[in-house]
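Because only heavy atoms are used, hydrogens play no part in the values below, and waters and symmetry mates are left out as well, while side chains stay in.
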Amino acid sequence: MSASLTRDELAEALGRAGAGDRVAFRRVYEATSAKLMGVCLRILHDRQLAEDVLQDTYVTVWRKADSFDASRASPITWLVTIARNRAIDRLRSGGALRRAAPVEAALDLADDAPPADAVVEQADEARRLTGCLSELDERTARAIRTAFFEGVTYEVLAEREKTPLGTMKSWIRRGLLRLRTCLEQ
């Protein structure tokens with residue numbers, strides 16, 4: 001499963017987590033924990049404290065996910081605000097001050113998030129791929145999505161469609177050729 005979620009997928013997962021869906025909560029965690037850990041580290045400059053605050057953050061998210069309102073803030077903004085506030089609270093409590101590094105040390109802290117231009121480019125490529133897939137007949141598009149996005153083998157696909165293996169391979173090969181032509185335009 002990919003850890004990255006679109007804004008809408010993240011908002012939906014938060015809503016389901018607010019209703020007690022643990023799988024949705026796990027998706028939220030997997031998609032956002034690296035970013036929130038970075039927020040905590042930037043403020044606290046101590047990995048152990050940051051991990052503690054991150055845990056507190058997700059406890060708060062679990063308890064308050066039902067209060068998230070997508071019309072007021074993006075899901076990541078809401079999550080970062082919670083993490084930031086928790087980290088600042090920990091700093092103010094004095095527990096982190098003795099171990100905190102100078103703020104200049106944050107300049108060397110790597111941000112694992114991809115650059116904004118890469119995110120925009122990736123989103124544009126995904127839109128183009130989705131558009132090109134929609135130009136294929138439904139059967140071929142479904143077979144390609146299942147094989148390449150879900151990792152299902154051609155043999156399993158052929159069984160599901162009650163089609164000979166050679167036919168399934170031909171559908172996918174011809175579909176991929178049409179996709180390549182579409183994407184090269």
Side-chain angles (χ1 to χ4, degrees), residues 1-39 54 57-58 61-62 65-83 109-185:
M1 177 175 81
S2 173
S4 64
L5 298 176
T6 65
R7 178 181 174 150
D8 292 339
E9 290 170 332
L10 186 55
E12 179 186 348
L14 273 171
R16 290 195 335 256
D21 183 341
R22 291 176 186 269
V23 173
F25 182 73
R26 176 176 288 153
R27 289 187 75 207
V28 170
Y29 177 84
E30 289 173 351
T32 62
S33 60
K35 181 167 189 71
L36 298 187
M37 181 64 173
V39 170
L54 185 67
T57 298
Y58 281 104
V61 169
W62 176 253
D66 62 336
S67 69
F68 170 71
D69 182 357
S71 67
R72 295 185 62 205
S74 76
I76 197 66
T77 300
W78 187 75
L79 292 163
V80 166
T81 301
I82 292 171
L109 184 63
D111 184 0
D112 293 336
D117 61 335
V119 172
V120 170
E121 185 177 328
Q122 185 179 22
D124 183 50
E125 289 173 4
R127 272 191 298 280
R128 288 184 60 224
L129 179 59
T130 300
C132 289
L133 277 168
S134 70
E135 292 180 13
L136 300 176
D137 64 272
E138 180 57 36
R139 177 190 64 197
T140 303
R142 183 176 58 244
I144 290 173
R145 280 188 186 100
T146 305
F148 291 95
F149 298 150
E150 297 175 24
V152 176
T153 65
Y154 291 180
E155 291 83 6
V156 171
L157 277 170
E159 287 176 23
R160 285 184 187 174
E161 294 287 328
K162 298 179 183 7
T163 304
L165 178 59
T167 302
M168 179 57 65
K169 288 180 177 180
S170 294
W171 290 350
I172 292 175
R173 183 176 44 79
R174 285 192 303 266
L176 289 173
L177 289 171
R178 286 184 292 205
L179 275 178
R180 184 174 69 190
T181 301
C182 178
L183 290 170
E184 288 174 348
Q185 294 178 357

If I compare all heavy atoms of [X] with all of [Y], which pair ends up nearest, and what's the gap?
| X | Y | value |
| --- | --- | --- |
| Ala11 | Pro75 | N-CG, 3.6 Å |
| Ala24 | Ala13 | CB-O, 3.4 Å |
| Ala65 | Trp78 | CA-CH2, 3.8 Å |
| Ala73 | Arg7 | C-NH2, 4.2 Å |

Q: Please tell me if the side chains of Val80 and Lys35 come closer than 4.5 Å, counting only heavy atoms from C-beta onward.
A: yes

Q: Evaluate the side-chain proximity of Thr181 to Leu177: yes if any heavy-atom separation is below 4.5 Å, no if none is.
A: no

Expected output: side-chain [X] to main-chain [Y] donor-acceptor under 3.5 Å:
| X | Y | answer |
| --- | --- | --- |
| Glu12 | Glu9 | no |
| Thr32 | Val28 | yes |
| Tyr58 | Phe25 | no |
| Thr167 | Thr163 | no |
| Thr146 | Ala143 | no |

(Q) So if I apply the side-chain contact (heavy atoms from CB on, under 4.5 Å) rule between Arg27 and each of Leu14, Leu5, Leu10, which one comes out positive? (A) Leu5

Q.
For Leu179 and Leu129: C-alpha separation, side-chain torsions, deciding distance, then whether side chain to side chain contact (heavy atoms under 4.5 Å, CB included) applies.
A. CA-CA 8 Å; Leu179 275 178; Leu129 179 59; 4.3 Å; yes

With rounding to the nearest 0.5 angstrom, report the [atom1] to [atom2] distance, [X] to [Y].
| X | Y | atom1 | atom2 | answer |
| --- | --- | --- | --- | --- |
| Tyr154 | Leu165 | OH | CG | 10.0 Å |
| Leu133 | Glu138 | CG | CD | 10.0 Å |
| Trp171 | Arg142 | CH2 | CZ | 8.0 Å |
| Arg174 | Thr140 | CZ | OG1 | 7.5 Å |
| Glu150 | Ile144 | CD | CD1 | 13.0 Å |
| Leu136 | Arg178 | CG | CZ | 5.5 Å |

Q: Let me see the working for Thr6 and Asp8 under side-chain hydrogen bond (donor to acceptor under 3.5 Å, both in side chains), right down to the final yes or no.
A: CA-CA 5 Å; Thr6 65; Asp8 292 339; 5.4 Å; no

Q) Thinking salt bridges, do Glu161 and Arg139 make one under a 4.0 Å N-O criterion? A) no

Q) Given Ile172 and Leu157, is the side chain to side chain contact (heavy atoms under 4.5 Å, CB included) satisfied, shown in steps? A) CA-CA 10 Å; Ile172 292 175; Leu157 277 170; 3.9 Å; yes

